[in-house]
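Read the structure below first, then the notes.
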Amino acid sequence: MPPFVHRITKYDPEHRDERGHYTGAEDTVSDHGPVEEACLTAVAAFAEAAGIDQLEIREPQIGGFGHFGHFGPEPPVEGYGRADLFPAGPAGFHDGALVPIAVGLELVRAMLRDNGAWCRLEAEGAFTVHVGRDQYLYVGSDLPCETALARTRALGLFPERISASPYDFAPDDAEYVQRPADADFWALLHWTVSPSRAIFLKEVFAVNASRWHRLTRDNIETVRSQPAPRSQLAVWPDLLTDIDKAVAALPDEGLVEIVREDEDGQITSTVVDETQFEAVTSQLAGARSAGVVSMYAGEDLPLFTAVLPDSDGVLRARWQTEPTPGDRDWAFLKTLRRGQIVTGTVTTIATFGVTFVDIGGFTAMVNIPELSWRPFDHPSDVISVGQEVTAEVLGVDMTRERVSLSLRAVQEDPWPQLAQLIGQVVTGPVTKIVPFGVFVRIEDRKDGFEALVHTSELDESSGDVVEVGNTLTVKIIDVDLERRRIALSHVQALTPPADGWPGD
């Protein structure tokens with residue numbers, strides 16, 4: 001924040017007690033005349049002294065159902081004092097919008113009058129204008145602005161140097177990593193929408209000011225270009241075509257947002273409480289589809305949320321969406337990288353052969369080949385539910401929100417050691433008979449490696465019939481590291497080498 005911050009009021013500081021409470025006479029109605037003009041002139045003087053010719057709108061808010069910031073007896077003003085200020089329409093009042101000083105002063109006027117619209121006005125951290133209740137102004141600058149201070153006093157106002165504006169922005173959760181509506185986010189929307197399924201996108205371009213969009217495979221890219229810059233986005237399941245079911249979702253009391261799709265596809269929403277439920281119910285009778293969303297934090301959550309980054313891909317919007325389980329999964333996935341070592345607990349061994357592992361609240365999967373280097377008949381031969389395991393991350397799919405793991409990647413690869421055994425004669429049981437030969441387990445363990453003795457390498461001169469379970473003496477004649485195959489020979493195992501068997 002700028003180092004030089006001043007609180008500017010129409011009240012003499014000498015009329016405050018030791019606790020800072022004002023003890024002088026107070027107006028019961030905000031002054032829309034000389035005091036207001038003095039305030040605007042003072043802001044213009046500070047901007048000129050600081051060399052500022054345009055301001056950036058930050059965190060805009062609209063009164064909506066609660067008429068934001070209305071402290072006096074004045075009735076709400078249609079358009080919240082923004083009329084004709086934004087040629088592109090109401091959505092022009094969005095976070096990051098740059099406006100000339102003249103427009104900025106009109107926004108200050110609207111805020112001084114408590115007309116229901118509010119925002120922070122800033123200039124790249126070098127200049128700020130905040131409006132508080134009862135025409136209190138807070139102006140910050142990176143310059144002392146002595147001429148502006150003198151001008152403010154001459155106008156009959158009282159500027160006071162303070163350490164910081166009470167309206168400086170502070171995030172709801174400084175540790176929370178906000179999800180951006182980037183390429184991964186839109187890819188997720190593409191994947192979520194199916195030929196027979198639509199979803200709804202809620203666009204909030206100012207607090208209490210929103211628009212709804214129905215997303216299908218045919219229009220998703222068109223809708224992608226429509227939200228106002230830095231909007232908060234929330235993805236909701238499709239609306240209910242059963243209007244009676246939608247009406248039945250109304251609570252006994254409380255604030256809810258009713259989303260209504262007309263027969264022509266027009267989507268509107270309104271926030272109501274129990275006193276308006278009856279009227280809204282009658283209006284829903286002709287709707288194509290409808291939905292009810294609670295306005296209370298944590299009661300109804302969208303599938304996932306995001307905030308639009310700027311055109312260069314940088315997320316500069318400071319406000320945060322309420323995180324959903326899907327958002328928390330995204331935040332966790334962003335911490336994972338291919339090759340990373342993680343620990344987890346086996347939660348499920350699926351009938352289709354995939355093992356699921358909980359790695360800190362997110363369920364990752366291990367395909368059968370990634371369980372072990374050694375052969376096995378069933379995953380339960382290698383792992384069990386509840387077992388703690390260590391694994392390597394093979395891949396992170398941000399679109400489908402999937403993580404694949406490998407247990408064998410953190411195990412020592414036994415195959416290079418097996419290659420050292422070429423030429424050795426070993427014994428092992430026959431485990432399988434196939435038309436082109438037999439398989440023999442070449443280690444003294446249940447999970448030992450099985451290798452093929454091709455028919456051409458079987459010695460049948462004795463007339464004995466080889467059966468499963470028979471012990472066979474074989475020679476390791478090849479280990480193919482790339483294809484992970486071992487070749488054995490029964491014939492060569494029975495033929496003594498030219499220099500005789502060891503010990504002869």
Side-chain angles (χ1 to χ4, degrees), residues 58-62 64 66 94-96 120 169-193 199-213 215 220 223-224 227-238 251 254-257 259 269 271 291-310 313-337 340 342 344 347 358-364 393 396-403:
R58 300 309 307 265
E59 295 81 45
Q61 305 184 31
I62 296 297
H94 65 77
D95 189 88
R120 296 177 179 87
F169 177 81
D172 295 332
D173 181 355
E175 301 299 321
Y176 177 61
V177 178
Q178 175 59 56
R179 183 179 197 165
D182 55 10
D184 285 340
F185 175 82
W186 291 99
L188 176 59
L189 264 61
H190 273 284
W191 182 74
T192 304
V193 174
I199 54 178
F200 274 80
L201 183 70
K202 182 179 182 180
E203 167 204 354
V204 178
F205 56 87
V207 175
N208 297 327
S210 62
R211 297 184 293 195
W212 287 77
H213 310 270
L215 298 181
I220 190 169
V223 172
R224 182 176 179 176
R230 301 187 184 178
S231 292
Q232 302 177 57
L233 305 180
V235 180
W236 293 86
D238 203 355
L255 284 172
V256 297
E257 183 172 10
V259 185
S269 70
V271 176
V292 177
V293 178
S294 171
M295 296 298 292
Y296 298 107
E299 288 196 357
D300 287 328
L301 292 176
L303 301 174
F304 33 85
T305 66
V307 173
L308 275 175
D310 290 351
V314 178
L315 184 60
R316 295 186 177 88
R318 299 180 299 207
W319 50 22
Q320 299 171 342
T321 58
E322 182 182 357
T324 68
D327 297 335
R328 284 187 281 270
D329 285 346
W330 168 85
F332 179 74
L333 293 182
K334 292 293 286 185
T335 68
L336 300 179
R337 295 291 183 273
Q340 183 176 342
V342 296
T347 59
D358 184 329
I359 51 172
F362 183 88
T363 301
V393 176
V396 180
D397 187 336
M398 296 300 295
T399 299
R400 292 171 173 79
E401 297 187 338
R402 294 177 181 173
V403 176

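The structure displayed is predicted, hence computed values, not measured ones.
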Kindly indicate whether the side chain of [X], heavy atoms from C-beta on, has any atom under 4.5 Å from the side chain of [Y].
{"X": "W330", "Y": "F185", "answer": "no"}
{"X": "L336", "Y": "I359", "answer": "yes"}
{"X": "P229", "Y": "D95", "answer": "no"}
{"X": "V235", "Y": "P302", "answer": "no"}
{"X": "L201", "Y": "V223", "answer": "yes"}
{"X": "K334", "Y": "V177", "answer": "no"}
{"X": "Q178", "Y": "R318", "answer": "no"}
{"X": "F332", "Y": "D329", "answer": "no"}

Over all atoms of both residues, closest heavy-atom pair of [X] and [Y]:
{"X": "E401", "Y": "F362", "value": "O-CZ, 3.2 Å"}
{"X": "I62", "Y": "N208", "value": "O-ND2, 2.9 Å"}
{"X": "S210", "Y": "E257", "value": "OG-OE2, 3.8 Å"}
{"X": "A228", "Y": "E203", "value": "N-OE2, 2.8 Å"}
{"X": "T321", "Y": "L233", "value": "CG2-O, 4.5 Å"}

query = Is it true that the NZ or CZ of R179 lies under 6.0 Å from the centre of F304's six-membered ring and within 45 degrees of the ring axis?
reply = yes
How long is the straight-line distance from [atom2] of [Y] back to [atom1] of [X], given to the nearest 0.5 Å?
{"X": "L189", "Y": "T399", "atom1": "CG", "atom2": "OG1", "answer": "10.5 Å"}
{"X": "L303", "Y": "T192", "atom1": "CG", "atom2": "OG1", "answer": "7.0 Å"}
{"X": "Q61", "Y": "R120", "atom1": "CD", "atom2": "CZ", "answer": "7.0 Å"}
{"X": "L315", "Y": "D310", "atom1": "CG", "atom2": "CG", "answer": "8.0 Å"}
{"X": "E322", "Y": "D172", "atom1": "CD", "atom2": "CG", "answer": "10.0 Å"}

task = For the pair H94 and R230, evaluate side-chain contact (heavy atoms from CB on, under 4.5 Å) and give the outcome as yes or no after the intermediate values.
result = CA-CA 7 Å; H94 65 77; R230 301 187 184 178; 5.6 Å; no
No-hydrogen, no-angle side-chain donor-acceptor test under 3.5 Å, D327 and T305 = yes
inquiry  = Applying side-chain contact (heavy atoms from CB on, under 4.5 Å) to W319 and V207, what does each step give before you reach the verdict?
reply    = CA-CA 10 Å; W319 50 22; V207 175; 4.2 Å; yes
